[in-house]
Protein chains: 2
Amino acid sequence: MVTARSKVSGFAKRVWRIGADDPRKAAHGFKVGLALVLVSVFYYTRPLYDGVGGAAMWAIMTVVVVFEYTVGGSVYKCFNRAVATASAGVLALGVHWVADKSGELEPFILSGSLFLLAAAATFSRFIPTVKARFDYGVTIFILTYSLVAVSGYRVDELAALAQQRLSTIAIGIFMCLGVCVLICPVWSGQELHRLTVSNMKKLAGAIEGCVDVYFAEPATPAQAKSDGYKCVLNSKASEDAQANLARWEPAHGKFGFRHPYSHYAKIGAAMRGCAYCVEALNSCVVAEAQAPEHVKQLLREVCARVGAQCARVLREASRSVETMTSSRTLDFAVADMNTAVHELQGDMRSLPSMLAVKLSETSLMDMMPLFTVASLLVEISTRIE
Amino acid sequence: MVTARSKVSGFAKRVWRIGADDPRKAAHGFKVGLALVLVSVFYYTRPLYDGVGGAAMWAIMTVVVVFEYTVGGSVYKCFNRAVATASAGVLALGVHWVADKSGELEPFILSGSLFLLAAAATFSRFIPTVKARFDYGVTIFILTYSLVAVSGYRVDELAALAQQRLSTIAIGIFMCLGVCVLICPVWSGQELHRLTVSNMKKLAGAIEGCVDVYFAEPATPAQAKSDGYKCVLNSKASEDAQANLARWEPAHGKFGFRHPYSHYAKIGAAMRGCAYCVEALNSCVVAEAQAPEHVKQLLREVCARVGAQCARVLREASRSVETMTSSRTLDFAVADMNTAVHELQGDMRSLPSMLAVKLSETSLMDMMPLFTVASLLVEISTRIE
């Protein structure tokens, strides 16, 4: 009993934390509820309302399946749903008309076309571009086509039905987009922007943390700070998804219509390259075989300086991305970092001890992709302006 | 004109390649078409068919939205759809009954409950476990509840309608699962298994390739082989998705009902750790600053041996996972690898040259997680038997 109660309270606490950490998620729930109530009230108060089988159903269905957390997601689904319903409806009406004329062959033409179209449309979902942009549309296309194709109605009845259905779907889409955009909108582009900036800062913290822990006098395990890079390692999927949805969004705030979202993917890839190196560096930090203390001391200062400079470049770059300006400070920071790296290389050459090289090599290896990321960032930040 | 035609033919070739590389994808398209035709023929030939607004629609809709590429995906959606429809229907009937009794308050009770339930259900999708297992079910729950709640029918009519709808959904689900399981089934568990095995082999090839390229006499860029590790880096999302769906699958072939799919996630994480190191190793291979040839020669043989042994361990492990047996060969291979690594460490200590250490260090760093992955694999392969 007690364990069950503690489990339930633990679960409740976790759920509460989700909402408290990001109130927009709770707001999203209320937005969906509001949109649904609006649509249902709209149909309650109008005479065209005629029960579950009728038109109201399609408006409600549209709101439920089309309402997404971000504006980009909602626009993507609305666009797909509208275009797919219209195109499949027109196509189905055409095929229906042909089948109607052909007399006895009618069921074969209808079933055959349904089979072929469904097979082709399903297969097209495996094409990467279709998958990324029109996945939902293909589902709706098959759905609409099969509903119209197997219906026993005559063409003239069908046309009226199709028109009514399109208008109800349009009402659902407008309600949904209105609530989604007007009340606390969550933009995919902004989410992507925020994710990129916070990942850069985490990476900067991780590099500093690793170097600090490595050269700390007592072997204190201060993992918390240097673990930030792990988020960077696994952020590819969510970055791709956000960039994909952001493309559908209209201009908002500082984000223009053709905002270069593909640059974020490049920055993300560069950051991941960087994070792989931090991972390698971290494995050296926690390795059992460590260089003796006195050898570490020789390179301590210069390594700490390189780490700090790298972190500074990343922080400057993150600020530059955040404000979408290219600052001179970033160039200075990159120059400073390069100076520090050259110093480290010089120190390494002058060190006679074999073991000392071993550990500084790690840092040097870590620097190489940092150069790449830094130069890439300079380029990107100038492009973004 | 010519460029447009070449573009179209290039696109057609790419599409053809997708189907030719994996004929199961083309088969999937035909399966969906077949299931749809079966359902529509079923309703053509039965008297209960009564047009688009009627029952046939729900069977067709179920097939279209529930049919997924893998069996696990289909079972997940079928289960979610059935349970969510039934539970939301029962709940809505209850609320409808209460609202019916309350007289004038009816619209407020219905709209209020719709608002609260939709908000709570939408918010619950942000909870990770709900998201992973019941995401689709929550959508269907909201959809069904709102359709029933806003309908103007009386409770006794509603009950009959709900029963009819559930039976048509059941027919759709049975058709869909039948076609999905009986005709060229694609099992998520097998996909996951195959992905893990092929990733291990790619990793083994990448380690060998890197070492070969590094010590090759002329600097020949033979990237093709050593690039395999990049697939491993980015496979987390698809692995997680497959493991998630595989949990829904019934026993099939060598995969029991409670097959330890979570072990695949562990193997995947260990392999990714390994791939990060290969990435670091590769950045050394392509780096501009290289050790002089004569220094490389000193460590060439022993490094090649370590690389080959690592690759052998991974290949043995992949064979062991593939056949789901724990072989003694794997233990021997691990022992051989450890011997080779010790030799390398010994050689490094005895080398006076500073630069030689630089390059062997890279290999040593690469070995550390290999130890981890090797020991982890031994443990896992014994568990899997």
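Numbered from 1 within each chain, the chains take letters A, B, ... in sequence-line order.
- A:R17 contributes atom CZ, which lies 13.5 Å from atom CD1 of B:I127 (distance to the nearest 0.5 angstrom).
- Residue with the most contacts toward chain A among B:L117, B:V32, B:D22, B:I140: B:V32 (heavy-atom pairs, distance under 4.5 Å).
- Atoms CZ and OG1, on B:F67 and A:T122 in that order, are 8.5 Å from each other to the nearest 0.5 Å.
- Closest approach of A:A118 to B:G33, counting heavy atoms only: CB-CA, 3.9 Å.
- Residue B:T139 comes nearest to A:V64 through the heavy atom pair O-CG1, 3.7 Å, listed as atom of the first residue, atom of the second, then distance.
- The contact between B:F11 and chain A is made entirely by side chain atoms (from C-beta outward), counting heavy-atom distances below 4.5 Å.
- Annotation for B:P128 and A:I18: closest pair CD-CD1, 4.0 Å, computed over non-hydrogen atoms.
- Contact check for B:F123 versus A:K25: side-chain heavy atoms found under the 4.5 Å cut-off.
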**Asked** Which is it for B:L36 and A:F115 under the side chain to side chain contact (heavy atoms under 4.5 Å, CB included) test, yes or no, and what are the steps along the way?
**Response** CA-CA 7 Å; B:L36 273 178; A:F115 178 77; over 6 Å; no
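- With a threshold of 4.5 angstrom between heavy atoms, A:Y69 approaches chain B through side-chain atoms but not through N, CA, C or O.
- Using a 4.5 Å cut-off between heavy atoms, A:K236 touches chain B through its side chain atoms alone.
- Atom CE of A:M61 sits about 4.0 Å away from atom CE of B:M61, to the nearest 0.5 Å.
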